[in-house]
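These notes are about the structure you will find just below.
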Amino acid sequence: MLGLGADRLRADMSRLLALLFHQGVLDEQFLQLQQLQDESSPNFVSEVVNIYFHESEKLLRSLRGILMDREFSDYKKMGIHLNQFMGSSSSIGAKRVRNVCVAFRAASEQNNRAGCLRALELLEHEYCYLKNKLHEFFQIEQQRVLAAGVRYPMQN
């Protein structure tokens, strides 16, 4: 008999995903990413998402650096970083992060520094929320995998 905890953890994962979809944090692309995971690559989704987090943090640092420069005027470079961020966010289903990138890019196309600073703050907030929630999701998933491997003796 499989561990009963695995079923509870699976339900916790489902509830967390449902919340993230309801809040618009994630979209169906995340589910498509999950479908690519199988026994031959059991950590595929977490590995892809960790790469996304690593690259996103570099992009956020670059965007902040560009905006904090007193001589700032390179909206084109900012747009390139935002396009990268939008694309990678779309590829993992990070809907709210992608949507903030769209608004951020609109502000940069209008050479609106104040709008860009507000958008950067919102982008950092949405990114942190996404990262914390997906970290929680992957922790529950790890616990579920461990619990599923535990076998309890049958009761007679």
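Between L20 and F137, the closest side-chain pair of non-hydrogen atoms is not below 4.5 Å. A 4.5 Å side-chain heavy-atom check between K77 and I66 finds at least one atom pair inside the cut-off. Side chains of E124 and R64 form a contact here, defined as non-hydrogen atoms less than 4.5 Å apart. Proximity of L134 to L26: side-chain heavy atoms (C-beta onward) are separated by under 4.5 Å at one or more points. Counting heavy atoms from C-beta on, the side chains of L60 and L120 come closer than 4.5 Å. The side-chain heavy atoms of V97 and V25, taken from C-beta on, include no pair separated by under 4.5 Å. Using a 4.5 Å heavy-atom cutoff, the side chains of H22 and L17 are not in contact. Looking only at side-chain heavy atoms (C-beta outward), D12 and L9 come within less than 4.5 Å of each other.
In the hydrophobic clustering of ILVMFWY residues, with side-chain heavy atoms under 4.5 Å counting as a link, M86 and L67 come out apart. Clustering ILVMFWY residues whenever any of their side-chain heavy atoms sit less than 4.5 angstrom apart, transitively, puts V102 in a cluster other than the one holding Y127.
To the nearest 0.5 Å, atom CD of residue E109 and atom CG of residue L82 are 9.0 Å apart. E47 contributes atom CD, which lies 10.0 Å from atom CZ of F138 (distance to the nearest 0.5 angstrom). Here the OG atom belonging to S14 is positioned 8.0 Å from the CZ atom belonging to R10, to the nearest 0.5 angstrom. S56 OG to F85 CZ: the interatomic distance, rounded to the nearest 0.5 Å, is 4.0 Å. Taken to the nearest 0.5 Å, the CD atom of Q84 stands 5.0 Å off from the CG atom of L59. Taken to the nearest 0.5 Å, the CG atom of L130 stands 8.5 Å off from the CD atom of E126.
Checked by atom type, the side-chain pair Q110/Y75 shows no donor-acceptor distance below 3.5 Å. In this model, a donor atom of one side chain and an acceptor atom of the other lie less than 3.5 Å apart for S89 and Y52. Remark: the D38 side chain and the S41 side chain contain an N/O donor-acceptor pair separated by less than 3.5 Å.
Closest approach of L63 and M78 over heavy atoms only: CD2-CG, 3.4 Å. Annotation for A147 and A6: closest pair CB-N, 3.7 Å, computed over non-hydrogen atoms. When all heavy atoms of L16 and K133 are compared, the closest pair comes out as CD2-O, 3.7 Å. Minimum interatomic distance between S62 and H81 (heavy atoms only, all atoms of both residues): CB-NE2, 3.8 Å. The nearest pair of heavy atoms linking F53 to K131 is CZ-CA, 3.4 Å. The two residues A107 and G115 come nearest to each other via the heavy atoms CB-C, 3.8 Å.
Checked by atom type and distance alone, the side chain of R96 pairs as donor or acceptor with a backbone atom of Q23 at under 3.5 Å. In this structure a side-chain-to-backbone donor-acceptor pair under 3.5 Å is present from Q37 to P42. The main-chain N or O of S46 is never found under 3.5 Å from a side-chain atom of N43 such that the two would form a donor-acceptor pair.
With salt bridges taken as basic N to acidic carboxylate O contacts below 4.0 Å, one links E55 and K58.
F21 has its ring centre no less than 6.0 Å from the ring centre of F30.
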